[in-house]
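Remarks on the structure that follows.
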Amino acid sequence: ERIVKFNEDFIPEAPFKFEIQNADLIVFKGDDITINMNLVGEAIPDEVYLVSKQSRQLMNSKNGVDFSHTFYNIQNELAFWFESSGFSSTNHSIELKYRPIIQNIKVDISYPRYLNKKSITNENLGNLTVQEGSYVQWSIISDKTENINFIFNDSSKYTADRQRENQFHLKKQIKKNDNYIIILKNQDGVNKEEISYHLEVIKDKFPRVNLENYADTIFYSYILVGGNIFDDYGIQNLKLFYRIMAVSYTHLTLPTKRI
């Protein structure tokens, strides 16, 4: 057979087998993966090495037949094999998948008109304090993302509009304190860490009016009205509405008796 298949490598058969125990070799970029391997056979060596193009690592032995090695913070796909006592296993490959991630988040806040405040923009800031009735627009640049959902306290879900391949936008009017979670998704999964923020709303208080009136008690020709008005965002104008009501007087004669 060696003569017929002269261009193939013939590896001497080992007195043991390398049996990998992992159900799959799929890992998300940046995660760790532990390779578990079991030796089966009549003559079991004491040491096993996990070999790749980058390194040759002695595997941890649990009981003489079960071995393991952990790759930390995987950044690229990786091919490896096992070696022991001059024998090698077939090649195995770690497949890399990618979680969606946020690269940048920009928040534009547009205040109600009557406040006469200019819109502002915040970069990479999720916790916000805004005036009641303000419109907030989130602009997110992400990587490896197919859609983005915002979930608020009342379980309402808003899906951001996809503007470009990795750009998403959502605009919402804010009327009360709230918490929200941003969930990024692609075909492989969702973001690893929960992305949660808080919205603090500054309530617009009603104007307060303190009035006093002073009547002309001599000629009864006028009434003077004065006082103070207050509002957290200032007063633009004050209008006084009044109505003159004519009153006719009648008299009633009461009985009397001499005492």
Side-chain angles (χ1 to χ4, degrees), residues 24-35 52-55 70-79 93-204 232-233:
D24 59 58
L25 294 173
I26 300 172
V27 63
F28 283 102
K29 183 178 181 179
D31 283 1
D32 307 333
I33 185 171
T34 297
I35 306 300
S52 67
K53 290 183 178 180
Q54 289 75 26
S55 64
T70 300
F71 290 104
Y72 296 97
N73 191 23
I74 294 288
Q75 295 296 313
N76 299 290
E77 294 190 343
L78 180 69
S93 296
I94 295 175
E95 180 184 348
L96 202 63
K97 291 196 173 184
Y98 299 88
R99 284 193 178 92
I101 59 171
I102 289 180
Q103 294 180 322
N104 181 270
I105 180 169
K106 183 179 73 171
V107 181
D108 295 305
I109 302 173
S110 300
Y111 298 103
R113 280 188 176 183
Y114 66 87
L115 296 183
N116 291 321
K117 292 183 67 173
K118 292 183 177 179
S119 300
I120 63 171
T121 298
N122 293 310
E123 292 278 351
N124 295 316
L125 186 64
N127 294 318
L128 304 171
T129 300
V130 300
Q131 275 70 27
E132 182 181 11
S134 298
Y135 281 92
V136 175
Q137 177 172 287
W138 291 268
S139 300
I140 296 176
I141 297 176
S142 61
D143 187 33
K144 305 293 188 299
T145 305
E146 294 176 3
N147 63 65
I148 297 178
N149 290 319
F150 287 68
I151 299 178
F152 291 83
N153 259 356
D154 59 0
S155 297
S156 59
K157 182 171 74 171
Y158 296 81
T159 300
D161 294 326
R162 190 171 191 171
Q163 303 293 319
R164 297 181 183 175
E165 181 179 356
N166 289 321
Q167 294 186 10
F168 297 81
H169 298 273
L170 177 71
K171 189 173 184 179
K172 186 178 187 297
Q173 188 177 30
I174 308 302
K175 296 182 178 180
K176 62 180 181 178
N177 293 344
D178 215 339
N179 296 309
Y180 66 99
I181 299 173
I182 302 176
I183 299 177
L184 294 81
K185 187 177 181 180
N186 65 17
Q187 62 181 359
D188 294 328
V190 299
N191 45 291
K192 183 177 181 180
E193 305 292 338
E194 181 177 277
I195 306 170
S196 60
Y197 297 109
H198 178 68
L199 291 169
E200 186 75 22
V201 172
I202 301 173
K203 286 288 186 180
D204 185 5
D232 43 356
Y233 295 111

Query raised in the report: What residue pairs, at least two apart or across chains, pass salt bridge (Lys or Arg N to Asp or Glu O under 4.0 Å) with a residue in residues 96-108?
Result: Asp31-Arg99, Lys97-Asp188

**Report entry** Stepwise side-chain hydrogen bond (donor to acceptor under 3.5 Å, both in side chains) check, Gln163 with Asp161
**Finding:** CA-CA 6 Å; Gln163 303 293 319; Asp161 294 326; 4.7 Å; no

Query raised in the report: Taking it one step at a time, do His198 and Tyr180 satisfy side chain to side chain contact (heavy atoms under 4.5 Å, CB included)?
Result: CA-CA 6 Å; His198 178 68; Tyr180 66 99; over 6 Å; no

Report task. Just jot down the side-chain hydrogen bond (donor to acceptor under 3.5 Å, both in side chains) partners of Glu77, sequence neighbours excluded, or say none. Result -> none

Query raised in the report: If we only count heavy atoms from C-beta on, is the Ile74 to Asn76 side-chain gap below 4.5 Å?
Result: no

Report task. Verify, without hydrogens or angle tests, whether Asn127 (side chain) and Tyr197 (backbone) share a donor-acceptor contact under 3.5 angstrom. Result -> no

Query raised in the report: Side chains of His169 and Gln167: do they bring a donor and an acceptor to under 3.5 Å?
Result: no

**Report entry** Shortest non-hydrogen contact between Phe152 and Lys172, atoms and distance
**Finding:** CZ-CD, 3.6 Å

Query raised in the report: Is the closest side-chain heavy-atom distance between Leu199 and Asn179 below 4.5 Å?
Result: no

Requested in this report: Would you give the length of the straight line joining atom CD1 of Ile183 to atom CG of Asn149, rounded to the nearest 0.5 angstrom?
Outcome: 6.5 Å

Query raised in the report: Of the options Thr145, Leu184, Ile141, Ile148, which is the one that meets Ile102 in a side chain to side chain contact (heavy atoms under 4.5 Å, CB included)?
Result: Leu184

Requested in this report: Mark yes or no: Lys144 above the aromatic ring of Tyr98, with NZ or CZ under 6.0 Å from the six-membered ring centre and no more than 45 degrees from the axis.
Outcome: yes

Query raised in the report: Roughly how far, to the nearest 0.5 Å, is the OG atom of Ser196 from the CD1 atom of Ile151?
Result: 11.5 Å

Query raised in the report: Which pair of non-hydrogen atoms, one from Leu170 and one from Thr159, has the smallest distance, and what is that distance?
Result: CD1-O, 4.2 Å

Query raised in the report: With side chains defined as the heavy atoms from C-beta onward, is the minimum distance between Thr70 and Ile35 less than 4.5 Å?
Result: no

Report summary line: In this structure, NZ of Lys192 is separated from CD1 of Ile101 (nearest 0.5 Å) by 12.5 Å

Query raised in the report: Can you tell me how far the CD1 atom of Ile26 sits from the CD atom of Glu95, to the nearest 0.5 Å?
Result: 4.5 Å

Query raised in the report: With a 4.5 Å limit on heavy-atom distance, are the side chains of Leu115 and Gln131 in contact?
Result: yes

Query raised in the report: So which heavy atom on Val107 is nearest to which on Leu125, and how close?
Result: CG2-O, 3.3 Å

**Report entry** Pro112 side chain near Ser134 side chain, heavy-atom distance below 4.5 Å
**Finding:** yes

Query raised in the report: Which heavy-atom pair separates Asn73 from Gly30 by the least distance, and what is that distance?
Result: OD1-CA, 3.3 Å

Report task. Not counting sequence neighbours, which residues clear side-chain hydrogen bond (donor to acceptor under 3.5 Å, both in side chains) with Asp143? List them please. Result -> none

Query raised in the report: Should Lys185 and Glu146 be marked as a salt bridge (Lys or Arg N to Asp or Glu O under 4.0 Å) after you check the CA-CA gap, both sets of side-chain angles, and the distance that decides it?
Result: CA-CA 6 Å; Lys185 187 177 181 180; Glu146 294 176 3; over 6 Å; no

Report summary line: Residues Gln173 and Gly133: closest non-hydrogen pair is NE2-O, 3.1 Å

Requested in this report: Check whether any side-chain N or O of Asp178 sits under 3.5 Å from a backbone N or O of Asn153 as a donor-acceptor pair, and report yes or no.
Outcome: yes

Query raised in the report: Does a donor on one side chain and an acceptor on the other come within less than 3.5 Å for Glu193 and Asn191?
Result: no

Query raised in the report: Do the side chains of Ile181 and Ile195 get nearer than 4.5 Å, heavy atoms only?
Result: no

Report task. Could you tell me whether the side chain of Tyr111 reaches within less than 4.5 Å of the side chain of Ser119, counting heavy atoms only? Result -> no

Query raised in the report: Does Glu132 come within less than 4.0 Å of Lys175, counting only side-chain N to carboxylate O?
Result: no

Report summary line: Heavy-atom closest pair (Trp138 atom, Leu128 atom, distance to 0.1 Å) is NE1-CD1, 4.5 Å

Query raised in the report: With a 6.0 Å cut-off on ring centres, are Tyr158 and Phe150 close enough?
Result: no

Requested in this report: Using a 4.5 Å cut-off on heavy atoms from C-beta on, say whether the side chain of Ile202 contacts that of Val130.
Outcome: no

Query raised in the report: Can you check side chain to side chain contact (heavy atoms under 4.5 Å, CB included) on Phe71 and Asp32, steps first, answer last?
Result: CA-CA 6 Å; Phe71 290 104; Asp32 307 333; over 6 Å; no

Requested in this report: Taking Arg162 for its side chain and Glu165 for its backbone only, find out whether a donor-acceptor pair lies under 3.5 Å.
Outcome: yes

Requested in this report: For side chain to side chain contact (heavy atoms under 4.5 Å, CB included), just list the numbers for Asn104 and Ile140, CA-CA rounded to whole Å, side-chain angles, deciding distance to a tenth of an Å, and then say yes or no.
Outcome: CA-CA 6 Å; Asn104 181 270; Ile140 296 176; over 6 Å; no

**Report entry** Gap separating the CD1 atom of Ile182 from the OG atom of Ser142, nearest 0.5 angstrom
**Finding:** 10.5 Å

